[in-house]
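Below, chain A is the first sequence line, B the second, and so on; all start at residue 1.
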Protein chains: 8
Amino acid sequence: MPDVLVILGSKSDAAVGEKAVEMLRRFGVSAEMTVASAHRTPDRVKNIVLGSEAKIFIAIAGLSAALPGAIASITTKPVIGVPVSGKVNIDSILSIVQMPPGIPVAAVGLDRGDNAALLALEMLAIGDERIRDGLAKYREEIADQVERDSEEVR
Amino acid sequence: MPDVLVILGSKSDAAVGEKAVEMLRRFGVSAEMTVASAHRTPDRVKNIVLGSEAKIFIAIAGLSAALPGAIASITTKPVIGVPVSGKVNIDSILSIVQMPPGIPVAAVGLDRGDNAALLALEMLAIGDERIRDGLAKYREEIADQVERDSEEVR
Amino acid sequence: MPDVLVILGSKSDAAVGEKAVEMLRRFGVSAEMTVASAHRTPDRVKNIVLGSEAKIFIAIAGLSAALPGAIASITTKPVIGVPVSGKVNIDSILSIVQMPPGIPVAAVGLDRGDNAALLALEMLAIGDERIRDGLAKYREEIADQVERDSEEVR
Amino acid sequence: MPDVLVILGSKSDAAVGEKAVEMLRRFGVSAEMTVASAHRTPDRVKNIVLGSEAKIFIAIAGLSAALPGAIASITTKPVIGVPVSGKVNIDSILSIVQMPPGIPVAAVGLDRGDNAALLALEMLAIGDERIRDGLAKYREEIADQVERDSEEVR
Amino acid sequence: MPDVLVILGSKSDAAVGEKAVEMLRRFGVSAEMTVASAHRTPDRVKNIVLGSEAKIFIAIAGLSAALPGAIASITTKPVIGVPVSGKVNIDSILSIVQMPPGIPVAAVGLDRGDNAALLALEMLAIGDERIRDGLAKYREEIADQVERDSEEVR
Amino acid sequence: MPDVLVILGSKSDAAVGEKAVEMLRRFGVSAEMTVASAHRTPDRVKNIVLGSEAKIFIAIAGLSAALPGAIASITTKPVIGVPVSGKVNIDSILSIVQMPPGIPVAAVGLDRGDNAALLALEMLAIGDERIRDGLAKYREEIADQVERDSEEVR
Amino acid sequence: MPDVLVILGSKSDAAVGEKAVEMLRRFGVSAEMTVASAHRTPDRVKNIVLGSEAKIFIAIAGLSAALPGAIASITTKPVIGVPVSGKVNIDSILSIVQMPPGIPVAAVGLDRGDNAALLALEMLAIGDERIRDGLAKYREEIADQVERDSEEVR
Amino acid sequence: MPDVLVILGSKSDAAVGEKAVEMLRRFGVSAEMTVASAHRTPDRVKNIVLGSEAKIFIAIAGLSAALPGAIASITTKPVIGVPVSGKVNIDSILSIVQMPPGIPVAAVGLDRGDNAALLALEMLAIGDERIRDGLAKYREEIADQVERDSEEVR
């Protein structure tokens, strides 16, 4: 049973989902990726979400990206929404961000599967020191990378 | 049993819904209005839609207006979506328009409950001569009104 | 005589129109595709629309996409508008969605000829059990496809 | 017979139209204002435009402002389009600006009935020295006004 | 020591912050509200964040809303960002959503202090059954409210 | 001395300008193309405009496309502005459309050098029957082309 | 002779200009405010700018806000542009920000006359220790104000 | 010690930064380029800015481009912000432009590293006649280039 379940609204969102799964596994957190469309398979979404023991859901979708909100409507577990880029971009961003009062979704940036995973890790780290330490180390690594980038650029 | 069911995502969308109901009744088509939020009451939406013998659904919602798509995901009856105005406006318009392949929603303009009703009437008129005649007459009336408006403006 | 007439504002919209025609024919609904520009050939639009016995019009156009509205202004049959993508995208979407009171157009998503066809089928299905059954089956197929996609992604 | 015909898409656009008519009359150019909706009264638009001996049309409309383009589609006389402000604003601007190749509309700014008139006057001035002189004088006046405004502001 | 610290970018964001604090206290979660501007008081932001034992930060800001990202840059605790409405709205939404890889912020909707609190509660509920139960009950309450709203609207 | 002077804000706008020049010459109207940047060469703009006996100016520019307005500020001859596409597109459109009261610019669509020329021709046609006839014939040609396109698409 | 000249595109921008003048005078920097429209009074703009011994220009304008760019085109002194809010807002922001290569304008936020002044002060402070000290003190004051605001909010 | 320090939010912004450095060096002004992310390395940003004797900072960043504002929050030296293009573009522009009162950033156009450098040069030229002369000469050169471009285009 994965701690974090990554749900794609469409197979075409897989590259964004991979970024999330890889990041989670890098921190030793179990993650799985599945496809379940809010619009094409609402029952499947419901079954997957209610049947899952995951602690957090990451929902990835483009266009009128309803998936994160659809998941949030049937669980009170945290739902992280990742808008996927396309021809308009503002569509998926606003569809995920502008949730009505009562049903929150945590939106991250366009195509930011990696940040969705890091946000999930931060949530898990509230009660898990090992992840907390991992995140601190990761921050150091990306800070070091900036310094190396700076050397290169100079 | 109403022929057209008008579903509001929130009580605050009632004024837009009234426009739809009034227009439908004007043409002798039975209509009812209910509130069912895709995000706050997904089961209620499902129960209402699957339990209804309405031929057409009009779904009215603002923000990340998921209601029309949520209804469309559980029925193959026509779903007309009405975006409701707010602080951003582009959010509800794009959330309703940009549906993924396979699950259509018929979007009308911002706050255009009246046009949602007329579109429903046009759909019903495919198989109903009386409504067809009513629509033709209505077009004449609004055309006449334009002429009267013109007199006044001059 | 086709049941659904697909009208392109420009030859360059043909790929989007094909998606509509193919989908309609898949359900055994007769469809034809023609080109008639609201701006370059207003008389042609009028002649085609008034001379047609189609039950539904699908109008496909980009830029200040006036075609769906122009058709809607001369018929009370349902008009489905498909905005075509280009350099701005918001232009064709808003031009088709933001119709004034009295003259409805059913807008679908950017380049969504397929959804326009499905919406037309849903309208026809109000009075046609065979199409109704076909749509139910199609929904099952796309739901099954999501499950197969999910297998692949995993 | 007016030299410039101001056509409103709706009675509610009258205030913007007044600005145009007043400006035209100030320069001694005959102008009239009428209401004719592209969507609600396409025949009326056609009759008015084809029956008019006006040299220039000013078309004023909001939302998916089709009126300027509809007029341009049936005449090769210059058509000036004025987008009217509402809840979205970008809708009427883009609908009027983004005309397809072959059928030009001259778009001016949001609610700028006055500038539509001045643009019409500039067109007429190509062959009318009196208007040319009037425009030169008007420019001096508004420049003087800027200087007076500057005194006041200081 | 509050479990959730609500940080306002400006005193003028207080009404949005109140919504968050009230919601948190309703669930028995300790919360405090403070003002610390990323741009005007970067040291204060750092001191508050590093000195706090809060488990989650809610950052509320308008315009080029840098506060959520600034907090996220100095902690790996979850940061929830609330864009505040103003003259543009898309500015604060995009500034909070479009974080670069590595440093996540959980964006909620415009002025949605209430949803920020609910999202924080969902995070805390991962390890706290009492809050989990409270959230389930709250969902029932808002669902009941929808039913009551529906009665009223009918 | 050309009847219409096409002024490019930058050499990179030449393709859009060519469309205008070709169209004008097709109607036997003399046209010339020059480069003069409002921002880099304000004096050159002034000298060219005041020194020109052209009846109409077509100004083509991208980004914060100031050229049409800059020309309009120093002449009362008609100025047609063509926004050029780039990374944002809304920038050049709005910069050209949203002129202040008193100084009109006639905006056409993004990259629509052809329509700018046709608009210029319509202006000249007010006092020139030959161009008027040419425009009528051109309309017929593009209408015929639509019919041929329709054959091909079918 | 003022060190900083604040130029308004229109009398209606005076409130934004006042914010700039007050801020400059607070730091003992001489400032004056005048009105000069790029579109209505291009010569006046040129005369004022070339005749001024100001070290920096602050240009304040709405709509297709050409004034900052127009000033920048005739001087190599720093020009700070302030977009003024209206019905669209994105128009004045993009018109001022999206300057072409070679002619820079320093854009500040919508209606931010105060920040324009502070930016001018920062430029002057490069060679003026007294202003440098004043700015440091001002930063302390606004930081203190944030702390007082925080007390109040708590 | 460089007079102008160019700080990139990410290595991927290097091409935009090069434009700035080249332009500055062309005028004999010392410049250096470094990478320091506001979000990934806030301490590095602080150390670099407080440790630098540069007179002006140029900050280049995309997405929710916080870097210019982060630098401005810790120095009263002028900060020039360059938004970098990506999938949305309006995000980085608005994040940099819409700074709150008290902390100014001088925004230039999308990817306009060159203009950022020219703006820095204009600031330095307030107290440096040599640069002033250089800028005047540069303006002549780009004006001459426009004339040569015009020859070529003709």
| task | Measure V97(H) against the heavy atoms of chain E and call it side chain, backbone, both or neither at under 4.5 Å. | result | neither
| Any side-chain heavy atom of H39(E) sitting closer than 4.5 Å to one from I74(H)? | no
| query | Roughly how far apart are I90(E) CD1 and I93(H) CD1, rounded to 0.5 Å? | reply | 13.0 Å
| said: To the nearest 0.5 Å, what is the distance between CD1 on I96(H) and OG on S95(E)? | reply: 9.5 Å
| task | Any chance you could measure I103(E), atom CD1, to S64(H), atom OG, to the nearest 0.5 Å? | result | 11.0 Å
| said: Could you report the tightest heavy-atom contact between S73(E) and A38(H), atom names first, then the distance? | reply: CB-O, 3.6 Å
| message | Under a 4.5 Å cutoff for heavy-atom pairs, which residue among S37(H), S10(H), P42(H), A66(H) has the most contacts with chain E? | response | P42(H)
| query | So with a 6.0 Å cut-off around NZ of K55(E), is the heavy-atom count from everything else above 12? | reply | no
| remark: In short, Q98(H) meets L63(E) closest at the heavy-atom pair O-CB, 3.1 Å
| Part of V105(E) lying under 4.5 Å from any heavy atom of chain H | neither
| query | For the atom pair OG (S92(H)) and CG (L94(E)), what is the distance rounded to the nearest 0.5 Å? | reply | 10.0 Å
